[in-house]
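Atoms considered below: every heavy atom in the structure, side chains included; atoms not considered: hydrogens, waters and symmetry mates. Because the structure is a prediction, the values reported are computed rather than measured. Sequence lines set the chain letters: A, B, ... in the order given, protein chains first and strands last, and positions in each chain run from 1.
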Amino acid sequence: MEILEAILITIVTASTPLLLAALGELVVERSGVLNLGVEGMMIMGAVCAFAVSLTTGNPYLGLVAGMLGGVVMSILFGFLTLTLVSNQVATGLALTLLGLGLSGMVGEGFVGTPGVKLAPLPIPGLVELPVIGRALFGQDPLFYLSVVLTIGTTWFLFKSRAGLIVRAVGENHGSAHALGYSVIKVRYLAVMFGGLCAGLAGAYLSLVYTSLWIENMTAGRGWIALALVVFASWLPKRLIIGAYLFGTVSILQFHAQGAGIGIPSQLLSALPYLATILALVFISRNRAVARANTPACLGLAFVPDR
Amino acid sequence: MQIELQKRALPSSLMTWLSPALAITLTVLTGALMFGMLGFNPAQALYVYFIAPLLDSWSLQELVVKAAPLVLIGVGLSICYRSNNWNIGAEGQFTMGAILGSILPVVFYQWESPLTFPLMVALGALGGALFGAIPALLKNKFGANEILTSLMLTYVALLTLDYLVRGPWKNPEGFNFPESRLFSDAALAPSLIADSRMHIGALFAVIAVIAIFILFSRTLKGFEIRVLGATPRAGNFAGFSKERMILFAFMTSGALAGIAGIIEVAGPIGQLTPTISPGYGFTAIIVAFLGRLNPIGILFAGLLLALSYLGGEAAQIELGISEKTSKAFQGILLFYILACDTLIHYHVKFVSSKKKEAV
């Protein structure tokens with residue numbers, strides 16, 4: 001029973017950053033923008049959160065810094081793709097390369113220094129529940145936030161007027177513009193929300209998951225988050241299933257190694273990446289299903305007529 | 001203040017060549033600012049970074065050694081990006097090329113012949129091409145996004161290499177270090193000039209530039225690449241197969257990355273180690289864009305980005321500036337290139353917000 005509980009707790013910690021980052025990207029893509037720079041925003045969030053929490057000793061200030069780091073990166077992306085209509089794919093790649101480079105530079109002095117851990121916030125009573133208690137109600141505040149954010153995003157996108165506008169902009173920016181909505185403004189806000197979520201996801205890695213700064217510590221999680229959005233066919237509720245599936249796969253390796261199963265560790269480490277490829281193949285195989293929820297203007301540039 | 005864009009009737013040919021120069025200038029200025037903020041003398045730092053490496057023959061050779069893989073991978077990627085196929089897994093194809101090519105010197109190490117090295121290069125090309133074919137086939141058969149699959153496969157390739165050098169391919173006489181056997185003389189890349197580090201990779205890079213230049217400018221295939229990249233519908237009407245182009249672009253760029261990979265281990269490194277590339281596969285993306293997806297441009301861009309690696313090392317040794325700055329520089333450069341490219345297709349106007357409201 002205790003092993004099961006331990007496994008559940010690690011699954012939740014491995015899945016939360018994926019869910020957070022993917023949630024942000026989902027809103028970005030719903031507004032018609034493809035930001036491939038999740039990895040770059042995430043790593044900047046991680047390094048900013050780590051640096052600020054270490055120097056101030058307050059992990060919550062670190063969280064704020066992580067979010068800011070992600071948002072600043074996303075504004076850079078927005079300025080290029082929305083204001084200067086640069087190619088979104090190339091700019092997203094640039095954002096990732098920039099983030100990995102800058103974070104390596106900023107974080108160099110912190111390598112090997114133990115950081116400040118964001119303390120768990122157990123919910124009294126519920127945390128005593130057998131097996132699932134500590135996994136679901138004894139976690140850090142960011143886990144609860146990820147759950148609230150998923151529900152909130154679903155409500156926002158499908159029940160609120162503002163969410164309808166975001167989806168309209170993503171489906172047909174020409175019509176949305178003709179109706180008088182500011183396509184560029186809506187997209188800027190969506191992109192910034194994506195940056196905020198990616199920054200949070202990065203902060204989670206350096207404040208909760210490891211509480212260490214390691215160069216390239218995101219290890220492709222930003223890219224997996226991008227794949228999750230496709231896998232969830234742009235629906236937040238399916239994102240939960242996807243994120244937890246991938247969290248489970250990525251955590252499996254530690255438990256398999258602990259149990260002494262004689263598989264090369266590298267094969268186990270490769271599992272999340274292989275699983276991502278498999279999931280993409282599985283979901284894209286039926287093109288009608290795959291395209292049903294794809295925002296029609298995804299990745300297309302928009303220049304307003306004047 | 002607001003920025004307004006007005007589409008040019010035709011892409012500006014002046015800006016096509018001016019924009020990379022502008023991007024480089026802006027990057028250098030940003031670099032000066034960054035060094036100043038880090039507490040270094042900007043002029044001295046920039047000199048050590050970008051000028052000093054060009055002044056002695058050892059670093060000039062080293063520049064060529066580092067530029068060769070970047071140019072090889074970069075020209076391959078230009079085929080992909082021109083035909084609108086987003087291969088970002090060159091690092092993985094590079095690694096797979098190195099692995100497959102190393103079968104001869106690591107597993108069949110007793111076989112030494114003049115054919116060893118040429119065969120290794122062929123195997124390297126094969127390894128890269130086959131590994132590049134995976135995202136292409138997954139895109140063709142299942143519509144899986146090639147950006148994500150090619151990147152995921154990079155991690156798989158790096159882990160495969162790690163497994164091999166720590167497991168079955170570990171040097172039995174290597175004191176348990178995670179390294180393969182040292183390559184025999186027959187398996188090492190021949191030097192271009194006696195007793196220099198400059199090896200045959202540079203020659204391969206120049207040949208690749210010429211070959212891809214001819215491919216783009218003189219062949220039907222090159223025309224096909226451009227048409228399918230710019231207007232897939234027109235390409236379809238012309239009877240060009242999109243599926244075959246995807247496979248061609250990925251396999252060709254994979255093969256070139258694979259060649260770069262095997263030459264890197266058979267040249268500067270001389271054996272397989274867990275890390276065989278300082279991110280060449282990703283830096284080559286910047287090389288391809290800075291070179292305007294044009295083979296000749298890529299040749300110069302490759303030299304410039306190689307300089308950023310070299311300058312990074314020099315700045316670390318001489319001034320104690322972190323080597324990591326070179327990666328940051330590379331990212332900043334790509335950002336500026338993409339921003340400046342707006343000038344090719346648009347007139348950029350600065351409009352004050354007040355004036356706009358008055359209208």
Side-chain angles (χ1 to χ4, degrees), chain A residues 34 36 39-40 76-77 79-81 83-87 89-109 215 219-220 223-224 226-227 230 264-270 272-277 279-287 290-291 303-304 306, chain B residues 2-7 34 38 81 84 86 88 134-135 138-139 141-145 147-149 151-156 158-164 166-167 279 282-283 285-286 289 322-343 345-346 348:
Chain A
L34 180 66
L36 290 180
E39 181 93 359
L76 262 179
F77 175 84
F79 179 70
L80 255 76
T81 55
T83 304
L84 296 179
V85 290
S86 65
N87 181 315
V89 174
T91 312
L93 284 177
L95 198 68
T96 292
L97 293 175
L98 180 69
L100 291 174
L102 273 183
S103 64
M105 206 174 91
V106 174
E108 200 178 24
E215 209 190 344
W223 294 101
I224 293 181
L226 275 158
V230 180
S265 66
Q266 292 90 347
L267 177 62
L268 290 167
S269 305
Y273 309 116
L274 291 170
T276 307
I277 297 172
L280 278 172
V281 165
F282 176 77
I283 206 75
S284 317
R285 177 185 44 117
N286 188 336
R287 293 189 190 202
R291 288 213 184 122
V303 185
R306 288 200 173 85
Chain B
Q2 273 191 322
I3 294 173
E4 269 190 18
L5 301 182
Q6 211 170 47
K7 188 132 184 123
M34 219 161 70
L38 290 170
Y81 298 162
N84 222 353
W86 293 95
I88 59 171
I134 300 173
L138 292 179
K139 187 181 184 185
K141 288 244 184 295
F142 306 106
N145 182 312
I147 305 173
L148 296 170
T149 51
L151 187 93
M152 291 294 134
L153 284 167
T154 299
Y155 288 102
V156 176
L158 294 174
L159 286 164
T160 309
L161 173 67
D162 196 73
Y163 165 70
L164 286 172
R166 288 177 203 277
F282 296 109
T283 307
I285 298 173
I286 305 174
F289 278 104
S322 161
E323 201 180 343
K324 306 265 178 340
T325 46
S326 57
K327 281 267 179 282
F329 264 144
Q330 294 174 0
I332 293 170
L333 176 61
L334 182 54
F335 246 97
Y336 279 130
I337 300 166
L338 294 168
C340 292
D341 277 3
T342 304
L343 297 169
H345 297 282
Y346 296 92
V348 178

Quiz prompt | Shortest non-hydrogen separation from B/Ala339 to A/Leu84 and the atoms involved | solution = CB-CD1, 3.8 Å

Quiz item: Using a cut-off of under 4.5 Å for heavy-atom pairs, which of B/Ser322, B/Ser326, B/Pro135 has the most such pairs with chain A?
Solution: B/Ser322

Practice problem: Please tell me if the side chains of B/Tyr163 and A/Leu267 come closer than 4.5 Å, counting only heavy atoms from C-beta onward. | Solution: no

Practice problem: Work out which heavy atom in B/Asp162 is nearest to a heavy atom in A/Gln266; give both atom names and the distance. | Solution: OD2-NE2, 3.0 Å

Self-check item: Heavy-atom proximity to chain A below 4.5 Å, by part of B/Lys7
Solution: neither

Quiz item: With a 4.5 Å limit on heavy-atom distance, are the side chains of B/Leu148 and A/Thr276 in contact?
Solution: no

Practice problem: Evaluate the side-chain proximity of A/Val106 to B/Lys324: yes if any heavy-atom separation is below 4.5 Å, no if none is. | Solution: no

Exercise. Side chain from CB out, backbone as N, CA, C, O: work out which of these in A/Leu100 comes under 4.5 Å of a heavy atom of chain B, or both, or neither.
Key: neither

Exercise. Determine the minimum heavy-atom distance between B/Phe289 and A/Ala90, stating which atoms define it.
Key: CZ-CB, 3.7 Å

Quiz item: Between A/Thr96, A/Asn87, A/Ile277, which shows the greatest number of heavy-atom pairs under 4.5 Å with chain B?
Solution: A/Ile277

Quiz item: Is chain B contacted by the side chain of A/Phe282, its backbone, both, or neither, given a heavy-atom distance below 4.5 Å?
Solution: neither

Exercise. Output the distance between atom OG (A/Ser265) and atom CG (B/Leu159), rounded to the nearest 0.5 Å.
Key: 8.5 Å

Quiz item: Do B/Ile286 and A/Leu97 touch side chain to side chain, with heavy atoms closer than 4.5 Å?
Solution: yes

Exercise. Give, for atom CH2 of B/Trp86 and atom CG of A/Leu36, the distance between the pair rounded to the nearest 0.5 Å.
Key: 9.0 Å

Quiz item: Any side-chain heavy atom of A/Tyr273 sitting closer than 4.5 Å to one from B/Leu151?
Solution: no

Practice problem: Would you mind checking which part of B/Ile332 comes under 4.5 Å of any heavy atom in chain A, side chain (CB onward), backbone (N, CA, C, O), both or neither? | Solution: both

Practice problem: Search all heavy atoms of A/Gly220 against all heavy atoms of B/Met152 and return the closest pair with its distance. | Solution: O-CE, 4.2 Å

Quiz item: Where does B/Leu158 contact chain A at under 4.5 Å (heavy atoms): side chain, backbone, both or neither?
Solution: neither

Practice problem: Supply the atom-to-atom distance B/Thr325 OG1 to A/Leu102 CG, rounded to the nearest 0.5 angstrom. | Solution: 10.5 Å

Quiz item: What heavy-atom pair brings A/Ser284 and B/Gly143 nearest, and what distance separates the two atoms?
Solution: CB-O, 3.5 Å

Self-check item: Spacing of CG belonging to A/Leu93 relative to CD1 belonging to B/Ile88, to within rounding of 0.5 Å
Solution: 5.0 Å

Practice problem: Measure across B/Gly331 and A/Leu98 and return the closest heavy-atom pair with its distance rounded to 0.1 Å. | Solution: C-CD1, 3.7 Å

Quiz item: Which answer fits B/Leu338, side chain, backbone, both or neither, if we ask what part of it has an atom under 4.5 Å from a heavy atom of chain A?
Solution: both

Self-check item: Side chain to side chain, A/Val303 and B/Tyr346, heavy atoms closer than 4.5 Å
Solution: yes

Quiz item: So how far is it from B/Asn145 CG to A/Ile283 CD1, rounded to the nearest 0.5 Å?
Solution: 13.5 Å

Exercise. Examine whether an atom of A/Leu80 lies under 4.5 Å from a heavy atom of chain B, and if so say whether it belongs to the side chain, the backbone or both; otherwise answer neither.
Key: side chain

Quiz prompt | Proximity breakdown for A/Leu76 and chain B, heavy-atom pairs closer than 4.5 Å | solution = both

Exercise. Check whether B/Ile147 gets within reach of chain A through its side chain, its backbone, both or neither, counting any heavy atom under 4.5 Å.
Key: side chain

